Every structure is written in structure tokens, then in C-alpha cells.
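Quick caveat: nothing in here was measured; it's all calculated off a predicted structure.
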Amino acid sequence: MKYTQIALSLLLLINCVVLTEAQAQMEPVTDMNKKESGYLLLDKGLQFRITDAINSMYNFDFENAERGFQVMRYTYPEHPLPYFLMGLSQWWKIVVAVDNRSHDARMLKYMDLTIEKAEKLIEENPENKEAAFFLAGAYGFQGRLHSERKNWTSSTFASKNALKYLELSRGEEELNPELLLGDALFNYFSVWIPENYPLLKPIMLLFPKGDQKLGLKQLEEVAESSFYARIEAQYFLFRLYATEEKKPFKALEITSYLHGKYPNNPYFHRHFARQLYAVGRGVEAKNVSLEILKRIKEGWTGYEATSGRYAAFFVAQSYDRMGQPERAMPYYLQSISFGDELEAQESGYYLFSLLQVGKILFKKGNKKEAKRYLVTVKDNSKRRHPANKEAREFLKKNKL
């Protein structure tokens, strides 16, 4: 078991709990004789402006999104909201290419500013649930980034603080579809984590018991009925449908929608291509992937080697399955090149690209080069990996 996976799983659970409890408390308790406290997140006009800016962010129009966030920063300089949104914008730049550290400092800076502004609100009013939400969220995102970077001490510190402010957010308000996302994620992953990482079962005893089926149902409800949280719910749903739930057609339906709504988001774009490939719609996957490769060449925002590795492989596979190995070859080589750029030589796309290039070269009579590619598969994979097994069998069968 990789310690990185364990830490990320724990942090994901912590973030789920933070979202569940903190979001649930954004709306202050009122009665017929009390006036609402005026939390900024409840301002309907501002909600509209936030949604517009966030939509720009999801579509990777960061200039327009951050312009809107900066306007809010000018209007509400002492409120954590604009700083949190600026940090979230940096986070989305990271998500599409996690190994790129160029946005880390700005993301951490804006989350620090969020914390600073929210702490002042807490000092003025210890019962301020909106401030607790921002503190929990900012520390949660910092913890997640530090875990990605294997900064375990910083990650632990941030996560503890996230849980600290989670405690300040507890209450009895009933969740509505807009605020149900965190509850859904907690219900699903609090069951999933101990099932997949048995060593974490003792730790999971510290958390309430979840309900995986209910979590999935709640995610579907948010994805269908919510306004603000709909995209985030769909983001999680397509990932779960594609992997844990083994429902590739449902994942395709969601990725098709997300790509249609945010056509310039490279993360949604490449996963749309991936799901087309997964359900056997190879020609469509090829066409979508060719557009991804075109955008990488033209330098579109967020389109880089990770998306290219996917796209080149899908194009190559399409040509290969149509009996056109000569047209497939350059795309397999391109996928390998992107893999080298990312230092992802153990990934399946890289290994199977090497394998297919070796087979194509063998059919062309270039046994020496074929052997080199097939041996490289063995050198970069564990013996139990299917690509390793296939390479060994091919080498043995053909006496290479």
C-alpha cells in the first residue's frame, strides 16, 4: 500500500466532513422574531455574480474569473470569500496537471489570506458559521495540496486545523440540495476507505458511520436538483461511475454534459474522450482526442502532457483497431513522449504504447527495435502488470 494513497484518502474524508458540517452551517439560525445575520454567502445578487465567475473558472477562462473575484475583493476587502475564490482558481490550475508546482505558492497565499480574514470574523463573533466554513475549507485545501507534495507535517497541521473549525460548525440545521454535497461524499467515502484500506479501519471508528448507497443517491440528487453544487457533484459522480461503480455509460453521460457546458476545460475534455474509449466508441474518441492534441499544439490554457498522453493513445488505438498500424505508430510514439515528459513511465498508457510499438516494429521485420521496446515495457513495470506479462510472452513466443 502506498502511504501517499492512504494520506490522500484520509484527507479526502476530512474534506468531506468539513464540507458536510461547515456548509450545513452557513445559514444562521433564525425564528419569526429574529432578523437574519446577513452572511455574505446568502446575498442572492452576489450569488449570481459568484456563479458567473465560477463558471468562467470551470471553463478555464481564469482571466475573466479572477477579474470577477478581484472586484469582490475590492468591494469586500475584509471578507474571506474573494480570497477563497482566488485560491480555488489556483487549485483548478493545479488539478489539471498535479505535478506542475507553479501555482502552489499563489494557492497557499490566497488560502492564508482567507484564514486571516476569517479569523478576524471569528474573533468578533465566535458563533460566526460562515467564518468557520471558510477556515475549515481553506485549511482543508491546504492540507490536500501539502499531501500531494508529500509535505506530511504541513499536511497534518492543516488537517488538524480543518477539523478544529469543523467542530465550530456543528449544529442541527437540515441540509437542502445546495448543501448536500459534503454529506453525500462523507457517506460514500467513509465506507469506501476502510473497505479499500483495511489498516485505516481503527481510524474510521473516530467518524460517524456512513452509508455508501445513500451517499451515491445524495450525489445524484445534488447533481440533478442543486444550482451551485451541481457541477461539483457531477465531477465526483462521473469518477465514481467510471471506476468504483463500473457504470461507464453513466460516466459518459456526465462527461458529455460537462464537456458541452465547459468546452475549454481540459480535465473534462480528456475524460469525455476517455469515456468514449471505455464504451467502445473509438472513432468518436479519436476525433475528440485529435482536438485535444490540436489544442496542446496551439497552447490552449491547461492543455498539456497529461491530456496529450490520454489523447494520443486513444487516437493510436482507433487507427490500430481499424487495421492501420502505420497511422497508429506516430500517436503511440507521441503518447510515449508525453509519458517521458511527465516521468510517468509506469503508467498504463505509456506501457501499452511501448508494447504496441514493439509489435508494429516486429511485423515490419525490425526485430532489434521491437525487442528494445518490449524490454523497456519489462523494465518499467512490475511482473504482475498485464503489459509486462504480454511483453514477456511476445518475446518468448517470437524468440526475441
Side-chain angles (χ1 to χ4, degrees), residues 5 58 95-98 188-189 192 196 212 215-216 219-220 223-224 231-296 302-325 327-328 331-332 334-336 338-339 342 344 346-357 359 377 381 384-390:
Q5 292 174 321
Y58 281 136
V95 166
V96 75
V98 176
Y188 192 95
F189 285 103
W192 181 88
N196 288 271
Q212 195 166 24
L216 196 63
L219 268 179
E220 291 169 345
E224 182 179 348
I231 302 304
E232 290 297 326
Q234 290 177 340
Y235 164 80
F236 280 102
L237 269 178
F238 87 71
R239 294 172 64 187
L240 292 176
Y241 283 145
T243 55
E244 304 305 319
E245 299 299 314
K246 311 300 181 188
K247 296 180 179 179
F249 286 98
K250 281 195 171 185
L252 173 60
E253 182 180 350
I254 297 173
T255 54
S256 176
Y257 168 79
L258 290 173
H259 175 57
K261 185 173 178 65
Y262 303 110
N264 300 333
N265 183 313
Y267 188 86
F268 296 154
H269 200 168
R270 74 183 184 224
H271 280 280
F272 177 45
R274 186 178 185 177
Q275 288 311 123
L276 286 169
Y277 174 78
V279 301
R281 290 164 60 174
V283 174
E284 292 173 85
K286 180 196 72 175
N287 293 335
V288 172
S289 296
L290 285 170
E291 177 62 26
I292 292 173
L293 294 173
K294 178 175 178 286
R295 292 185 180 191
I296 293 171
Y303 284 82
E304 42 62 71
T306 303
S307 295
R309 183 183 57 175
Y310 283 58
F313 182 81
F314 299 148
V315 175
Q317 283 276 283
S318 179
Y319 283 131
D320 218 350
R321 290 173 178 178
M322 289 190 292
Q324 301 177 44
R327 299 187 72 179
Y331 290 102
Y332 281 130
Q334 195 173 9
S335 187
I336 292 167
F338 282 128
L342 295 164
E346 295 183 0
S347 74
Y349 294 109
Y350 186 86
L351 295 171
F352 281 106
S353 292
L354 288 170
L355 182 66
Q356 294 306 115
V357 169
K359 290 181 177 181
V377 174
S381 60
R384 65 175 179 271
H385 193 285
N388 184 298
K389 181 181 178 181
E390 194 170 343

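Heavy-atom contacts from other residues, nucleotides or ligands closer than 6.0 Å to CD of Glu220 number more than 12. Other residues, nucleotides and ligands contribute more than 12 heavy atoms inside 6.0 Å of the CD atom of Gln324.
Scanning both residues, Pro263 and Arg295, for their nearest heavy atoms gives O-NH1, 2.8 Å. Considering every non-hydrogen atom in both Ser289 and Ala285, the closest pair reads OG-O, 2.7 Å. Here the shortest heavy-atom pairing between Ala328 and Ala316 reads CB-O, 3.3 Å. Of all non-hydrogen atoms in Arg309 and Tyr349, the two that sit nearest each other are CG-CB, 3.9 Å. Of all the heavy atoms in Arg239 and Thr243, the pair that sits closest is O-OG1, 2.6 Å.
Summarising the geometry, atom NE2 belonging to His271 is positioned 13.0 Å from atom CD1 belonging to Ile254; distances are rounded to the nearest 0.5 Å. Here the OG-CZ distance, from Ser318 to Arg327, works out to 9.0 Å after rounding to the nearest 0.5 Å. Atom CG of Asp320 and atom OH of Tyr332 lie 3.5 Å apart (nearest 0.5 Å). The OG1 atom of Thr255 lies 12.0 Å from the CG atom of Leu237; values are rounded to the nearest 0.5 Å. Considering CZ of Phe338 and OG of Ser353, their distance stands at 11.5 Å, rounded to 0.5 Å. Between the CD1 atom of Ile292 and the OG1 atom of Thr306 there is a distance of 11.5 Å, given to the nearest 0.5 Å.
Here the side chains of Val315 and Leu290 are in contact, with some heavy-atom distance below 4.5 Å. Residues Gln334 and Leu293 are in side-chain contact: their nearest non-hydrogen atoms beyond the backbone lie under 4.5 Å apart. Two residues are said to be in side-chain contact when any heavy atoms from C-beta on lie closer than 4.5 Å; Val377 and Glu390 fail this criterion. By the 4.5 Å heavy-atom criterion applied to side chains, His259 and Gln275 are not counted as neighbours. Leu276 has its side chain out of reach of Val283: every pair of non-hydrogen atoms, C-beta onward, lies at least 4.5 Å apart. Ile231 has its side chain within reach of Tyr262: a pair of non-hydrogen atoms, C-beta onward, lies under 4.5 Å apart. The side-chain heavy atoms of Leu252 and Arg281, taken from C-beta on, include a pair separated by under 4.5 Å.
Looking at Gln234 and Tyr257, their side chains never bring a donor and an acceptor atom within 3.5 Å of each other.
Of the residues Lys286, Glu284, Gln317, the one that meets the side-chain contact (heavy atoms from CB on, under 4.5 Å) test with Tyr277 is Gln317.
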For Arg270 and Val96, run side-chain contact (heavy atoms from CB on, under 4.5 Å): C-alpha distance rounded to whole Å, both residues' side-chain angles, the deciding distance at 0.1 Å, then the answer.
CA-CA 10 Å; Arg270 74 183 184 224; Val96 75; 3.8 Å; yes
Given side-chain contact (heavy atoms from CB on, under 4.5 Å), test His269 with Ser307 step by step and report yes or no.
CA-CA 8 Å; His269 200 168; Ser307 295; over 6 Å; no
Ring pair (Phe, Tyr, Trp, His ring centres under 6.0 Å) evaluation trace for Tyr310 with Phe272:
CA-CA 11 Å; Tyr310 283 58; Phe272 177 45; over 10 Å; no
Please report the C-alpha distance between Tyr267 and Tyr235 in whole Å, then the side-chain angles of each, then the deciding distance to 0.1 Å, and finally whether the ring pair (Phe, Tyr, Trp, His ring centres under 6.0 Å) criterion is met.
CA-CA 10 Å; Tyr267 188 86; Tyr235 164 80; 5.7 Å; yes
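The aromatic rings of Phe352 and His385 sit tilted relative to each other, their planes meeting at an angle between 30° and 60°. Aromatic ring orientation, Phe268 versus Tyr58: tilted (interplanar angle from 30° to 60°).
Side-chain atoms of Ser335 do not come within 3.5 Å of backbone N or O of Tyr331 as any donor-acceptor pair.
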